[in-house]
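Scope of the values below: all heavy atoms of this structure, side chains included, with no hydrogens, waters or symmetry mates. Note that the structure is predicted; figures quoted are calculated from it, not measured. Within every chain, numbering begins at 1; the chains are lettered A, B, ... in the order of the sequence lines, protein sequences first and strands thereafter.
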There are 2 protein chains.
Amino acid sequence: HSHQKLNYEPPRGLVQEKMTENAVFSQNKVLTIDTMNPNVKNVEYAVRGPIVQRAVQIEKELREGVKKPFTEVIKANIGDAHAMGQQPITFFRQVLALCSYPELLKDNMFPEDAKSRARRILQACGGSSLGAYSASQGIDCVRQDVARYIERRDGGVPCDPDNVYLTSGASDGIVTMLKLLVCGEGASKTGVMISIPQYPLYSAALAELGAVQVNYYLNEEKCWSMDLSELERSLAEARKHCNPKVLCIINPGNPTGQVQSRQCIEDVIRFAAKEHLFLMADEVYQDNVYAEGCQFHSFKKVLFELGPQYSNTVELVSFHSTSKCYMGECGFRGGYMEVINMDPEVKAQLIKLVSVRLCPAVPGQALMDLVVNSPQPGEPSYTTFMKERTTTLSLLAEKAKLTEEILNTVPGITCNPVQGAMYSFPNISLPQKAIKEAKALGQAPDMFYCMKMLEETGICLVPGSGFGQKDGTYHFRMTILPPTDKLKLLLAKVKEFHQKFTRQYS
Amino acid sequence: HSHQKLNYEPPRGLVQEKMTENAVFSQNKVLTIDTMNPNVKNVEYAVRGPIVQRAVQIEKELREGVKKPFTEVIKANIGDAHAMGQQPITFFRQVLALCSYPELLKDNMFPEDAKSRARRILQACGGSSLGAYSASQGIDCVRQDVARYIERRDGGVPCDPDNVYLTSGASDGIVTMLKLLVCGEGASKTGVMISIPQYPLYSAALAELGAVQVNYYLNEEKCWSMDLSELERSLAEARKHCNPKVLCIINPGNPTGQVQSRQCIEDVIRFAAKEHLFLMADEVYQDNVYAEGCQFHSFKKVLFELGPQYSNTVELVSFHSTSKCYMGECGFRGGYMEVINMDPEVKAQLIKLVSVRLCPAVPGQALMDLVVNSPQPGEPSYTTFMKERTTTLSLLAEKAKLTEEILNTVPGITCNPVQGAMYSFPNISLPQKAIKEAKALGQAPDMFYCMKMLEETGICLVPGSGFGQKDGTYHFRMTILPPTDKLKLLLAKVKEFHQKFTRQYS
């Protein structure tokens, strides 16, 4: 910390005494670990969990001059593109600057298309200001632009802007939908099916809401694909003790990097229809598809292609965000969700629910608008925009390939192709001795492994146990986001560490 | 809607048939009004409730050329300053533009202090970009600036940046704290004491969390002050059926406009200490104090002035935001909360909880930083900043006075002084005949009154029943934000309407 020391801070010698004092106070506190909401206590969120907290500490130690076997911490724990050096799209930032300080509209330094986008957004804001609240569902013209984007993306399948809700990132939308869906107690408590491995927002939200997490396992042998038989097994099992109502899918997959085939999506939709499940499709990586032969198919498009028997009945919500793809604008917390076949009475409830939080941050809404209404051929910013977009996506494709290839050269590491998204989730063989030692410390073996890697190399990964994995298997999640040179260095260090670790515990 | 008609939209003649079809489908839906989360169903939020939805419809009708006895809807329902024409602070918007598009740092059009603030914020962001995630608790240097601001505000009472959490507006912080605090079932369910009238975020959050709302009534006869005896009555009553653990205060008051005296705050703190209650102080209107003899005292400052017996034990969280005061930047959803005497184990849980949502939107964090680290004497932007700030606050003070004065000239309307915040909450006498007619329609009488006013005059107010009021009394909440001329017009129309309404139902 660089802030000045506070007067009331006790001298070093008193710390022990202070702690005892604290313990005494603690018993008298209103809010303690024993009296707090137990659901919150059950929440876990590995992506920012203990390993990341330790990484932050180590960074501080490095700044303070503590000697380490490395000079910097490389955070490959979270899909935070800009933090890894990815540059923002110029056009987006120009428009955001114009919207923030409309005086700039008088300036000649900005292209006309940036100015006209800014004017359009400002006109839709109360008092022509990003500082006014928007409608709780989001700015009207942004929702209209989102609807047109979805229609283009899905080859003309219609999208009604009334079904579009702007959100604070996809996480906000997912939590809001789960909040609507979860109820009941005991055997009638809502069950929510999530993939294992999963993105831990899901398990965290379910814990907080007190819902039943129903696991279905992705097939690692088949490139992390979804198996219908596994869905059936999982559902039948869950029905013995809860009321499974929701099926969540992440496509392209986080942490798996899998891109689902059209056939698989069809199967899932038929399954949901047959089994009366509400579908939640997390499609925030829709532009992040790298592998040859792979293509992004939205659940909505496939649903409509299956015909009215499905498209008029299956309840689906899909999520998108400004944080991933080629934009990587996580800090703006922009996003949207589209609901299909939602009961009109429930929609009214949803609007009421989001209105309590007033509105998603307006700069994030403006950014979402730019993503769905990006420069078009003939507009002055088009060439630069396309160049920036293509460069970022090609680099990601290159790094996806590189990551898979290098990891697969390491004996004891097996990595599925990173077909899409931003992560590899390789399988790691851990020696029995290491597993034993971890368990003696009360740690998950892959947490033990990742923590050791952090201490020895400065590389921050997330253990597979934070996402869920089949018993007896171990993984880590690593983003492919560092710049190519740094990524190569990182992969070389992972390789070296894994070999050393294996020797040490064999 | 300006969006193109969708292919799949049924021809007009089929609408009836489609609705029947919908009703049939609805029975088969997974998510219906009967199967959804009942806590969400219980949520009410009047500030954006049915009256505001009708106002939006009327605006649309006016655009479509429908004839009305007025030409525009005046929304005095929500504290949305920019929407009412208040101008943003130039310095804040310059820095935000610089942060959004750092190329502008090379330009000569911006003052040096704006540039240096922007550089400082960007340096604290991952990859020097507003697009990177921040720490979940908020950007370090922003929390440090908040801490220094609090220390200055409170005459040197120390503030540890580790106790500061940045939030998405104050609402987010309030909901997060309630989430930590609420637990239990039946008679051990957490009770949360809130003022009546209250800001309906509180009742909405409590409904969603399934907590027990414990009402204490403010004393309208004494300018909406808090009475200790009423707190005691309310608590004793609540202890018969739940476990009251939390006491919420809004100061300056929303919707009451009351500014609490130092003595009152002292009494409340002693009461909380004696009764073992966790204090939540909503202080988002801390710069909005207008009445002579009134002054803002933070709960924290008073707590520390009461001595270590209180300052070492009473658990307090206070909330602030970028949305109110002289900034009025609601759309950015910036805010912070400071926790005092929070159990360290609970703090760890709080950090975990906020980490699931990754981080508050970074532009809002940047704006919060500018509010707590505004231009200082000697800096190039100081004069303009102070002029803008003073103008806005003086105008608000003038409008607060104007509102009170004009409303009190209306027979049947009694309005307490608007000492602070942004609202008047006058008492309105309604004729028995009107009350009867409202009840026959299943409406709260003040909802009936406000809805009629909206239809006849285009003025959108919020009925007192949305905030809570003593049985048999009726109120409305009206913001003082419209520009002076428009406010005068609005008040004249309210006067005319009230007189006409009274005649009509007498």
Give the minimum heavy-atom separation between B:R333 and A:L358, together with the two atoms involved. NH2-CD1, 3.7 Å
Check whether any side-chain N or O of A:K179 sits under 3.5 Å from a backbone N or O of B:E208 as a donor-acceptor pair, and report yes or no. no
Pairwise distance CG(A:D343) to CE(B:M36) - rounded to 0.5 angstrom: 10.0 Å
Report which part of A:S128 has an atom under 4.5 Å of a heavy atom belonging to chain B: side chain, backbone, both, or neither. neither
Least distance between heavy atoms, B:A97 atom then A:S100 atom: N-CB, 4.0 Å
Sort B:L367 into side chain, backbone, both or neither according to what part of it lies under 4.5 angstrom from a heavy atom of chain A. neither
Rounded distance [0.5 Å steps], CG in A:N39 versus CG in B:L353: 11.0 Å
Taking C-beta and beyond as the side chain, do B:V43 and A:V356 meet within less than 4.5 Å on heavy atoms? yes
Can you tell which of B:A205, B:S136, B:G364 has the highest number of heavy-atom pairs within less than 4.5 Å of chain A? B:S136
For B:A147, is it the side chain, the backbone, both, or neither that has a heavy atom closer than 4.5 Å to a heavy atom of chain A? neither
Does some side-chain heavy atom of B:Y101 sit less than 4.5 Å from a side-chain heavy atom of A:V95? no
So, the part of B:S323 with a heavy atom under 4.5 Å from chain A: the answer is side chain
Side chain from CB out, backbone as N, CA, C, O: work out which of these in B:D172 comes under 4.5 Å of a heavy atom of chain A, or both, or neither. both
Give, for atom NZ of B:K106 and atom CE of A:M109, the distance between the pair rounded to the nearest 0.5 Å. 9.0 Å
Which portion of B:T322 sits near chain A, non-hydrogen atoms under 4.5 angstrom: neither
For the NZ atom of B:K29 and the CG atom of A:N341, what is their distance to the nearest 0.5 Å? 4.5 Å
Return the minimal non-hydrogen interatomic distance between B:H82 and A:S129, and the atom names on each side. ND1-OG, 2.7 Å
Relative to chain A, which segment of B:Q365 carries a heavy atom at a distance below 4.5 Å: side chain, backbone, both, or neither? neither
Contact part of B:S168 toward chain A, heavy-atom cut-off under 4.5 Å: side chain, backbone, both or neither? neither
Please round to the nearest 0.5 Å and tell me the distance separating atom CG of B:L104 and atom CZ of A:R93. 11.5 Å
B:M84 versus chain A, heavy atoms under 4.5 Å apart: side chain, backbone, both or neither? neither
Taking A:L96, A:V362, A:I33, A:V314 one by one, which has the highest count of heavy-atom pairs under 4.5 Å against chain B? A:I33
Separation between CE of B:M177 and CG of A:L31, rounded to the nearest 0.5 Å: 6.0 Å
